[in-house]
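Quick note on labels: first sequence line is chain A, next is B, and so on, each numbered from 1.
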Amino acid sequence: MTEQEKGPASNFIAAIVSADIRANKNDGKVMTRFPPEPNGYLHIGHAKSICLNFGLAQDFNGVCNLRFDDTNPTKEEQQYIDSIKEDVRWLGFDWRDRLYFASDYFEKFYEFAVYLIKKGKAYVDSLSADEIREYRGTLTRPGRESTYRQRSVEENLDLFERMKQGEFPDGTHVLRAKINMASGNLNMRDPVMYRILHASHHRTGNTWCIYPMYDFAHGQSDAIEGITHSICTLEFEDHRPLYDWFIDELELACHPQQIEFARLNLTYTIMSKRKLVRLVAEGHVQDWDDPRLPTISGLRRRGFTPEAIRDFCGRIGVAKKDSTVDMALLEHCLREDLNKRAPRVMAVLKPLKVVLENYPEGQVEELDAVNNPEDPAAGSRKVPFARELYIEQDDFMEEPVKKFFRLAPGREVRLRYGYFITCTGIKKDDATGEILELRCTYDPATRGGNAPDGRKVKATLHWVSAQHSLPAEVRLYSHLFTRENPAAAEEGEDFTTYINPESLEILSGCRLEPNLADARPESIYQFERLGYFCADRHDCTGGRLVFNRSVTLRDAWTKIKKKA
RNA sequence: UGGGGCGUCGUCAAGCGGUAAGACACAGGUUUUUGGUGCCUGCAUUCGGAGGUUCGAAUCCUCCCGCCCCAGCCA
């Protein structure tokens, strides 16, 4: 069942939207928006918001805008705009011609500000940043009014105009809303609306040297665009009274409804932009698209599909409770998607040579292998079989423990789509005792993997032909952190303490079946019995074969081993 | 000690006065040329706690407890 067939999501926000439509609020129309600040890369938490906003629009016959909240030129960059657009598109969402920028509305915001000044609802404050903080009071004590709060409308108008003209250096004045310095909600204690920033903006250049704060830009942007439901995360709940206050005082025709939901947390990773920046900047990971990161580009490079991510976002639900979703659910969604789509292929990650003593030298057979047992339409392929093969080191034990039913001395197993083989000998390095190769015999009657006499074997192993297989590099990824909640650091430690030193294992001597010779970057395969692997979008080029492990297959044997 | 939220299975999450959905995880079984997949079974006499209202409460009322967010000229 695809996510489309599962029907509209049911969550408290969908319920609100649905009720609004029934009541014919907003003439029954729905318009949402995804409003990222272009100061970093999108991560799986943003995907939740994207799926919610675009999904609501889809489910209720509305539209969803992509709007960049670019009101702080000191932090925002074009490269982030590009990556965000690419990621949203890759996730499968289309904003059509509705690409907006808060900076498109700077002129309007300025007029709004002037309007509020004239109305006596805004004033220029000339306190220093430190003084403003001090005057604001504390959580339990009310603030004090600024000595500049009573400036005349004329003086405020004059000062604000001169702020705009660039007469004053950064930090000398701000425009503030005149609300209530005694409010229990600190956001209502005369919040700053504009600050002076002599900085070049990535879109407006040097046109402005005053920039609106989030609170004086977001709601108005929503109202200008005609947004009906403005969905954001819980930490903005305290801002809602201010969101409403500005729109009311500005007497705007459209008054979107702000609704808050809990942001996504995932076990064994971190979602905070600040911490992600540190991981990248301090070199704990390669870059923003490091496959260990929960960034959209990292997940993509890891081999996650848009379908799996969308399915995940649909399953986790939307609510107001702080929660941490099990990473295992994300992995489950990927396995489920890939199980039905990924072509199967054989790859040996840690090769152990096998010589079939009774197989004719120089003989090569092309054996039929099913491409995907879950999808008959995927057809089959030929895989070369020869006297010398590689199997996985983990598939042999000289002294097998109980419940290990793979290859061992004297034991017979099946080579997938190949023959039954029996281990007859071990060649070791005399000095180190290291196993160099296995001597085996094969049963010619079992070609394809079936024994005419009906005898059974307990294991089927994957393999590749030694001479035909292709060398490859395979990167094995696991959790970036050793703790479920790395953000909750103990005394004297921070989250980097819990970085998993084994989150990346690079295997360079891997052997792939020859059909993988022209694997395209980003193509995903199931390496039988091992997991799903994705050709690296950057490094799997120019004849070099480089694969990233997206996720392992569920593995009963590892569990048995751990219990023992 | 101010303001705003939230507390239903290990983790998410339905439920909205009529007697606790579902998913992941976990545990068994079964099928199987992937110890994969599929299929079957088990997994909250109880909804943070205590009172109360009611024939009946996770749902309504009261009090208590716990957790999260807010003192950027960040978003």
Side-chain angles (χ1 to χ4, degrees), chain A residues 10-11 15 35-37 39 69-72 74-76 125 127-129 132-134 136-143 170-176 182-189 191-197 210-211 213-215 217-218 232-241 260 262 264 267 273 315-333 335-336 339-340 344 346 369-370 373-374 403-406 414-418 420 446 448-451 456-462 484 526-531 552-560:
Chain A
S10 104
N11 57 60
E37 182 189 11
N39 71 340
D69 225 331
D70 56 349
T71 57
N72 186 350
T74 65
K75 293 188 171 177
E76 296 149 8
D125 196 354
L127 253 28
S128 69
I132 286 181
R133 187 184 315 121
E134 189 199 324
R136 186 153 32 226
T138 68
L139 292 179
T140 52
R141 256 195 295 279
D170 290 3
T172 49
H173 308 278
V174 291
L175 184 70
R176 292 231 251 170
S183 172
N185 181 345
L186 302 229
N187 294 116
M188 301 300 271
R189 319 241 265 227
V192 172
M193 296 161 59
Y194 267 95
R195 75 285 217 190
I196 299 171
L197 245 32
I210 55 173
Y211 292 90
M213 299 288 290
Y214 164 84
D215 287 305
H218 198 90
C232 61
T233 44
L234 252 28
E235 68 271 25
F236 291 101
E237 209 147 19
D238 286 342
H239 292 244
R240 189 170 6 128
E260 311 83 11
L264 170 67
T267 56
K273 239 183 222 180
R315 288 185 194 229
I316 56 178
V318 179
K320 298 192 70 160
K321 183 173 67 171
D322 288 314
S323 64
T324 302
V325 175
D326 196 334
M327 180 70 88
L329 180 60
L330 216 208
E331 294 175 345
H332 167 82
C333 292
R335 285 192 191 102
E336 191 172 79
N339 176 51
K340 63 185 190 234
R344 311 277 119 144
M346 292 195 283
V370 172
E374 306 297 315
K403 288 190 177 171
F404 178 89
F405 45 80
R406 276 113 92 146
R414 168 169 40 234
L415 294 182
R416 182 144 226 222
Y417 304 124
F420 282 16
T446 58
N450 290 303
K456 304 283 187 213
V457 288
K458 293 198 75 176
T460 300
L461 311 186
H462 61 276
E484 282 201 7
Q526 184 195 103
F527 289 0
E528 292 223 30
R529 302 210 302 133
L530 297 173
T552 61
L553 251 28
R554 287 185 71 228
D555 179 7
W557 169 236
T558 300
K559 280 183 192 171
I560 293 168

- Under 3.5 Å: donor-acceptor pair, side chain of A/Glu336, backbone of A/His332: no
- Task: For A/Ala129, report the nucleic acid contact type (base, sugar-phosphate, nothing); a contact means any heavy atom under 4.0 Å.
- Result: base
- The contact string for nucleotides 25-32 of chain B, one letter per nucleotide 5' to 3', using protein heavy atoms under 4.0 Å with B, S and - for base, sugar-phosphate only and none, comes out as SSSS----
- Under 4.0 angstrom, heavy atoms only, what part of the nucleic acid is A/Asn450 near: base, sugar-phosphate, or nothing? base
- Nearest-nucleotide comparison on RNA chain B, the residue closer to the 5′ end among A/Val318 and A/Phe527: A/Val318
- Message: What's A/Ile132 touching, base or sugar-phosphate or nothing? Going by heavy atoms closer than 4.0 Å.
- Response: base
- Item | Touch class at under 4.0 angstrom, heavy-atom based, for A/Arg406 against every strand present | base
- Query: Would B/rG28 be called syn or anti, given that syn covers angles within 90° of 0?
  - Reply: anti
- Message: Regarding A/Pro373, tell me which of base, sugar-phosphate or nothing describes its non-hydrogen contacts under 4.0 Å with the strands shown.
- Response: base
- Query: When we call it a touch if two heavy atoms are under 4.0 Å apart, what does A/Phe404 touch: a base, just sugar-phosphate, or nothing?
  - Reply: base
- Query: When we call it a touch if two heavy atoms are under 4.0 Å apart, what does A/Thr324 touch: a base, just sugar-phosphate, or nothing?
  - Reply: sugar-phosphate
- Looking only at atom P, what distance separates B/rG48 and B/rG35, rounded to whole Å? 44 Å
- Query: Can you tell me how far C1' in B/rA21 sits from the matching atom in B/rA58, rounded to whole Å?
  - Reply: 14 Å
- Task: Scan side-chain atoms only and decide if A/His173 and A/Asp125 contain a donor-acceptor pair under the 3.5 Å cut-off.
- Result: no
- How would you label the contact of A/His462 with the nucleic acid (heavy atoms, under 4.0 Å): base, sugar-phosphate, or nothing? nothing
- Reference residue A/Thr460; test side-chain hydrogen bond (donor to acceptor under 3.5 Å, both in side chains); the match among A/Arg529, A/Glu528, A/Arg414: A/Arg414
- Message: By the 4.0 Å heavy-atom rule, please label A/Glu260 as base, sugar-phosphate, or nothing.
- Response: nothing
- Message: Considering every strand and a 4.0 Å limit on heavy-atom distances, what is the contact class for A/Asn72: base, sugar-phosphate, or nothing?
- Response: sugar-phosphate
- Message: Any base atoms under 4.0 Å from A/Ser128, or only sugar-phosphate, or nothing? Heavy atoms, all strands.
- Response: base
- Note on the structure: Of all heavy-atom pairs linking A/Asn185 and A/Pro241, the shortest is ND2-CG, 3.7 Å
- A/Glu37 near the nucleic acid: base, sugar-phosphate alone, or nothing, with a heavy-atom cut-off under 4.0 Å? sugar-phosphate
- So what does A/Glu237 touch, heavy atoms closer than 4.0 Å: a base, only the sugar-phosphate, or nothing? sugar-phosphate
- Does the side-chain ring of A/Trp557 sit on the six-membered ring of the B/rG35 base, less than 5.5 Å centre to centre and under 30° in tilt? yes
- Message: For a quick check of understanding: with a heavy-atom distance under 4.0 Å over all strands, which category does A/Arg414 fall into, base, sugar-phosphate or nothing?
- Response: base
- Task: Kindly indicate whether the side chain of A/Asp238 and the base of B/rG3 share any N or O donor-acceptor pair separated by less than 3.5 Å?
- Result: yes
- Going by the angle between their ring planes, with limits at 30° and 60°, are A/Phe236 and A/Tyr214 parallel, tilted or perpendicular? tilted
